Amino acid sequence: MILLQPRSRFLLQILLNRVQNPERVVEMDCHSVEFDDIRYHIQFSVRDPHSILLSMSLPTPPPETIFFDGLPFGAIEAIKAAYGGAVQILDPPKDGYNLTMKLNLSKLPPDEGQRYAFLVKVASVREVVLGAPLRIVLKHLATKTVAPDVDRLVALLHRPKESFFVIPQPEKVTVIFPMRFRDPVDTVLATSFLQEFVEARRATGLNTAPSCLWSPSPPIELKGAPDQALSVNAGFVTFVIFPRHVEGGKLDKIVWNLSTFHAYVSYHVKCSEGFMHTRMRRRVESLIQALDRAKPDLEKTKKTSQSRPFKRLG
């Protein structure tokens, strides 16, 4: 199994090319689409060689999620904390996008290692923006408190018109994913995958990992959630996060893994489906070869029958 990387390789490559070749300033206007319908638009020109414009469009949020000015709550503060004075948030953003940032290249760190780390953080803007609400909840969990002005049941966006739910408490945070798939084959494979995923948590080496549960019906913690948010075809996956899971440098990793859990499952479902199709093709090819070998040689049989003498009976 693989884990998805928080940084966008497309964004990072363009940023590195621009920063590492300051004398080669050209016009650039690129679009990119990432999994879960995240869209990027990056621009820079010879008229302003020290600036890069980066716009991001988020998936369409369902009605139960909370957005402020087109962004999840806490996203603006998270951007400012992550990028400091090197990034300016443009208000309003470009048409069709939820966020537009202006990156000032003259304010990048002078050290090469620090500069690379900063560009990786810029290329991880998806994690910064979409993971902001979950990060707020889990930061308070580390101190065994509940974030102020946070409801008992929090819906967070992670896919177009789909959300997952967070139940914050002082001693633990419960995260529940309603799992939906469009293709019926994907639904069957995902259900089997998730059941095995839960069983794997009981292995000896994973005793310290967050507890994981799967159920075909909504857990009791989702009482009060909208009915449309609970219509699933692959069940519900529940993770229970304790303070020990977010201590030290674990916070970033667990925020990203939870934010992209559905994409993680979808990736492995498609890999499983592709593997089975490959095995089926190989099996069919081997059967065809066996049938070809079993066919008689018609030309040889004809020549043999013509060369044999025979006598007329009677």
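Quick caveat, the model's predicted, so the values are computed rather than measured.
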Please confirm whether the backbone N or O of Gly70 pairs with a side-chain atom of Asn98, one donor and one acceptor, at under 3.5 Å?
yes
ILVMFWY cluster, Phe164 and Val173 together (side-chain gap under 4.5 Å)
yes
Step by step, would you call Lys102 with Asp48 a side chain to side chain contact (heavy atoms under 4.5 Å, CB included)?
CA-CA 11 Å; Lys102 185 177 183 179; Asp48 190 3; 3.9 Å; yes
Is Val232 reachable from Leu156 through a run of I, L, V, M, F, W or Y residues, each pair having side-chain heavy atoms under 4.5 Å apart?
no
Ion pair check, Arg135 and Glu127, cut-off under 4.0 Å
yes
Do you know which two heavy atoms are closest between Glu171 and Pro243, and how far apart they sit?
O-CD, 3.3 Å
From Glu112 atom CD to Gln20 atom CD, the distance as rounded to the nearest 0.5 Å
7.5 Å
Is the backbone N or O of Ala234 less than 3.5 Å from a side-chain atom of Trp214, with the two atoms forming a donor-acceptor pair by type?
yes
Measuring from atom CG of Leu119 to atom CD1 of Ile14, what distance do you get when rounded to the nearest 0.5 angstrom?
12.5 Å
Do the non-hydrogen side-chain atoms of Ile136 and Phe73 ever get within less than 4.5 Å of each other?
yes
Heavy-atom closest pair (Met179 atom, Val237 atom, distance to 0.1 Å) is CG-CG2, 3.9 Å
First locate atom OG of Ser45, then atom CD of Glu27, and finally report the distance between them rounded to the nearest 0.5 Å.
4.5 Å
May I ask you to test the Ser124-Trp256 pair for a side-chain heavy-atom distance under 4.5 Å?
no
Shortest non-hydrogen pair, Tyr83 vs Val125, comes out as OH-CA, 3.5 Å
More than 12 heavy atoms of other residues, nucleotides or ligands under 6.0 Å from CG of Asp227: yes or no?
no
Verdict with supporting geometry, Phe197 and Phe261, ring-ring contact (aromatic ring centres under 6.0 Å, His included)
CA-CA 12 Å; Phe197 186 87; Phe261 176 71; 5.8 Å; yes
With a 4.5 Å cut-off on side-chain heavy-atom distances among I, L, V, M, F, W and Y, is there a chain of contacts connecting Leu258 to Val246?
yes
Heavy-atom count check: over 12 atoms from other residues, nucleotides or ligands less than 6.0 Å from His31 NE2?
yes
Test ring-ring contact (aromatic ring centres under 6.0 Å, His included) applied to Tyr40 - qualifying residues, sequence neighbours left out:
none
Start with the C-alpha distance between Gln88 and Asn104, add both sets of side-chain angles, then the distance that settles side chain to side chain contact (heavy atoms under 4.5 Å, CB included), and finish with yes or no.
CA-CA 8 Å; Gln88 176 187 357; Asn104 191 339; over 6 Å; no
Should the heavy atoms of other residues, nucleotides or ligands under 6.0 Å from CG of Asp292 be counted, would the total exceed 12?
yes
Is the shortest side-chain heavy-atom distance between Cys212 and Val198 below 4.5 Å?
yes
From the list Phe177, Phe181, Phe35, ring-ring contact (aromatic ring centres under 6.0 Å, His included) with His262 holds only for Phe181
Same apolar cluster: Ile52 and Phe10, side chain cutoff 4.5 Å
yes
Can you list the steps and then say if Val146 with His140 is a side chain to side chain contact (heavy atoms under 4.5 Å, CB included)?
CA-CA 6 Å; Val146 177; His140 282 80; 5.9 Å; no
Working to the nearest 0.5 angstrom, can you tell me the gap between Ile241 CD1 and Ile254 CD1?
3.5 Å
If every non-hydrogen atom of Val122 is compared with every non-hydrogen atom of Leu54, which pair is closest and at what distance?
CG1-CD2, 4.1 Å
State plainly whether one hydrophobic cluster holds both Tyr264 and Leu130, where clusters connect Ile, Leu, Val, Met, Phe, Trp and Tyr through side-chain heavy atoms under 4.5 angstrom apart.
no
Counting heavy atoms not belonging to Asp69, are there more than 12 under 6.0 Å from its CG?
no
Which heavy atom of Val150 sits nearest a heavy atom of Pro168, and at what distance?
CG1-CG, 3.8 Å
Counting C-beta onward and ignoring hydrogens, is there a side-chain heavy-atom pair between Met276 and Arg279 closer than 4.5 Å?
no
Within the structure provided, determine whether Ile38 and Leu58 are in side-chain contact (heavy-atom separation under 4.5 Å).
yes
Do Tyr116 and Leu108 have side-chain heavy atoms sitting under 4.5 Å apart?
no
Test item: Met56 and Leu11 side chains (from C-beta on) under 4.5 Å apart, heavy atoms:
no
Under 30°, 30 to 60°, or over 60°: which ring-plane class applies to His268 and Phe193, parallel, tilted or perpendicular?
parallel
Roughly how far, to the nearest 0.5 Å, is the CZ atom of Arg180 from the NZ atom of Lys161?
12.5 Å
Does any N or O in the side chain of Thr100 come within less than 3.5 Å of the main-chain N or O of Lys94, such that one atom is a donor and the other an acceptor?
yes
Closest contact, heavy atoms only, Arg159 versus Asp36
NH1-OD1, 3.1 Å
Apply the test side chain to side chain contact (heavy atoms under 4.5 Å, CB included) to residues Leu105 and Phe44: give CA-CA distance (whole Å), side-chain angles for both, the deciding distance (0.1 Å), then the verdict.
CA-CA 11 Å; Leu105 299 180; Phe44 48 85; over 6 Å; no
Evaluate Glu64 against Ser163 for side-chain hydrogen bond (donor to acceptor under 3.5 Å, both in side chains), listing each step before the verdict.
CA-CA 8 Å; Glu64 64 268 13; Ser163 60; 2.6 Å; yes
Under 3.5 Å donor-acceptor, Arg115 side chain and Pro110 backbone:
yes
Please check this pair: side chain of Ser286 against backbone of Arg283, looking for a donor-acceptor N/O pair closer than 3.5 Å.
yes
Could you check whether any side-chain N or O of Thr145 sits under 3.5 Å from a backbone N or O of Leu141, counting only pairs where one atom can act as donor and the other as acceptor?
no
Treating Lys250 as the side-chain partner and Arg244 as the backbone partner, does any N or O pair qualify as donor plus acceptor under 3.5 Å?
yes
Using atom types as modelled and distance alone, determine if a side-chain donor or acceptor of Asp151 lies under 3.5 Å from a backbone N or O of Leu153.
no
Spacing of Asn257 atom CG and Thr260 atom OG1 [to the nearest 0.5 Å]:
6.0 Å
Would you mind reporting whether Thr238 and Glu221 have side-chain heavy atoms less than 4.5 Å apart?
no
